Amino acid sequence: MIVLAVLRHDQRLADMAGGNNVSESTVRRWRDELIGLLAAQAPRLDRALRKVAKQGGEVVLIDGTLIRTQRRTGRADRRNYSGKHRSHGLHFLALTDERGRLIWISAARPGRTHDNTAARHDHILAHLRAASLGALADLGFRGLDNDVRDPVIVTGYTATRTHKLTPGQKTANRVLATGRAPVEHGFAHLKNWRTLAKLRTDPARATQLLCALLVLTNLEVNR
């Protein structure tokens with residue numbers, strides 16, 4: 001319960017230690033041990049997709065987001081600056097089912113990472129094809145799947161200076177936006193853990209934390 005309070009409400013370790021008559025180092029050890037145990041239960045990408053397919057699912061929802069971090073000085077931290085969000089942070093991808101239930105989360109990467117770059121690194125396209133699943137995505141993933149005849153990832157249409165969207169394309173974009181809406185609910189559930197409000201942990205440990213929170217989020221949503 002002490003560790004859950006730390007993660008949910010971003011309580012200071014010293015405050016939790018003093019209020020429960022234990023040392024701060026003990027609370028820190030409990031937190032790290034529980035995060036490690038939970039993160040080990042996070043599903044692998046291939047297994048998560050196979051489970052969706054086995055349950056009769058046909059598509060998943062994919063999106064990327066930024067978890068803001070404290071700004072640090074030095075050249076090494078420049079890669080964590082996201083020009084899109086105008087903030088320092090860590091980028092990660094997440095997959096949800098059609099109802100917006102989180103099924104997988106990627107490793108945390110520098111904030112400047114593009115969605116397509118992260119998706120290619122995790123071989124998202126290959127894993128989707130192996131599981132015979134499709135994915136709904138926003139325009140940030142445009143160009144990831146160039147198979148015109150049998151696309152796996154659907155991203156909608158975009159207008160250019162020389163090409164305006166047709167009424168049919170606008171309708172398709174609205175339908176896609178409606179289908180993708182649940183993925184935002186999945187992110188909202190994850191970000192309810194206030195420890196993610198502005199990470200103070202070492203970026204290298206953020207992946208383990210995110211995986212642990214994915215497991216906790218699913219336990220909470222499915223109870």
Side-chain angles (χ1 to χ4, degrees), residues 38-53 57-69 79-85 87-131 133-147 151-156 176-177 179-193 195-196 199 201 203-218 221:
L38 289 169
Q41 299 180 41
R44 285 179 12 188
L45 177 56
D46 54 346
R47 293 176 180 174
L49 293 177
R50 283 201 300 267
K51 183 177 180 179
V52 171
E58 297 181 350
V59 298
V60 294
L61 313 178
I62 182 172
D63 205 354
T65 192
L66 185 82
I67 297 295
R68 285 174 169 78
T69 59
R79 62 179 187 162
N80 288 332
Y81 181 78
S82 169
K84 176 182 177 180
H85 297 277
S87 175
H88 285 75
L90 297 173
H91 173 278
F92 71 92
L93 297 176
L95 293 178
T96 74
D97 61 16
E98 296 175 72
R99 292 180 292 174
R101 183 172 50 191
L102 286 164
I103 61 173
W104 174 79
I105 198 167
S106 75
R109 296 186 174 91
R112 69 181 183 184
T113 305
H114 191 277
D115 288 340
N116 273 358
T117 301
R120 291 189 180 102
H121 184 85
D122 290 318
H123 307 289
I124 297 290
L125 190 59
H127 283 295
L128 287 170
R129 291 192 184 280
L133 291 173
L136 305 182
D138 62 20
L139 294 176
F141 293 87
R142 190 171 179 83
L144 179 61
D145 185 359
N146 293 319
D147 191 333
V152 172
I153 298 179
V154 179
T155 59
L176 178 61
R180 288 191 62 258
V183 74
E184 299 299 335
H185 300 309
F187 279 136
H189 284 303
L190 184 65
K191 292 183 178 181
N192 277 339
W193 297 93
T195 190
L196 294 180
L199 283 178
T201 187
R205 300 178 62 188
T207 296
Q208 191 177 49
L209 173 61
L210 288 167
C211 289
L213 294 181
L214 167 65
V215 174
L216 285 174
T217 298
N218 285 336
V221 171

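Remember, predicted model here, so these are calculated numbers, not experimental data.
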Residue list, side chain to side chain contact (heavy atoms under 4.5 Å, CB included) with Arg129, at least two apart or on another chain: Leu125, Asp145, Asp147, Asp150, Val152
Straight-line distance of Glu58 CD to Glu98 CD, nearest 0.5 Å: 7.0 Å
All salt bridge (Lys or Arg N to Asp or Glu O under 4.0 Å) counterparts of Asp115, not counting sequence neighbours: none
Separation between CD1 of Ile67 and CG of Leu196, rounded to the nearest 0.5 Å: 4.5 Å
Partner residues of Asn116 under the side chain to side chain donor-acceptor pair (under 3.5 Å) criterion, sequence neighbours left out: none
Working for side chain to side chain contact (heavy atoms under 4.5 Å, CB included), residues Ile124 and His127: CA-CA 5 Å; Ile124 297 290; His127 283 295; 5.9 Å; no
Heavy-atom pair of closest approach, residues Pro182 and Leu61: CB-CD1, 3.9 Å
Any residue meeting side chain to side chain contact (heavy atoms under 4.5 Å, CB included) with Arg109, in chain and number order, not counting sequence neighbours: Ser106, Thr113, Ala118, His121, Asp122
Rounded distance (nearest 0.5 Å) linking atom CD1 of Ile62 with atom OG1 of Thr155: 11.5 Å
CD1-OG1 distance between Ile103 and Thr96, expressed to the nearest 0.5 angstrom: 7.0 Å
Full working for side chain to side chain contact (heavy atoms under 4.5 Å, CB included) between Leu190 and Ile105: CA-CA 11 Å; Leu190 184 65; Ile105 198 167; 3.8 Å; yes
Arg68: side chain to side chain donor-acceptor pair (under 3.5 Å) partners, not counting sequence neighbours: Ser87
Residues that Thr117 engages under side chain to side chain donor-acceptor pair (under 3.5 Å), provided they are two or more places apart: none
More than 12 heavy atoms from other groups under 6.0 Å of CZ on Arg120: yes
By side chain to side chain donor-acceptor pair (under 3.5 Å) - contacts of Thr195 (at least two apart): none
Pairs where residues 42-53 contributes a residue and the test salt bridge (Lys or Arg N to Asp or Glu O under 4.0 Å) is met, not counting sequence neighbours: Arg44-Asp46, Asp46-Arg50
Under the side chain to side chain contact (heavy atoms under 4.5 Å, CB included) test, residues paired with Thr65 that sit two or more places apart: Phe92, Phe187, Lys191
With sequence neighbours excluded, residues passing side chain to side chain contact (heavy atoms under 4.5 Å, CB included) with Ala131: Leu49, Leu133
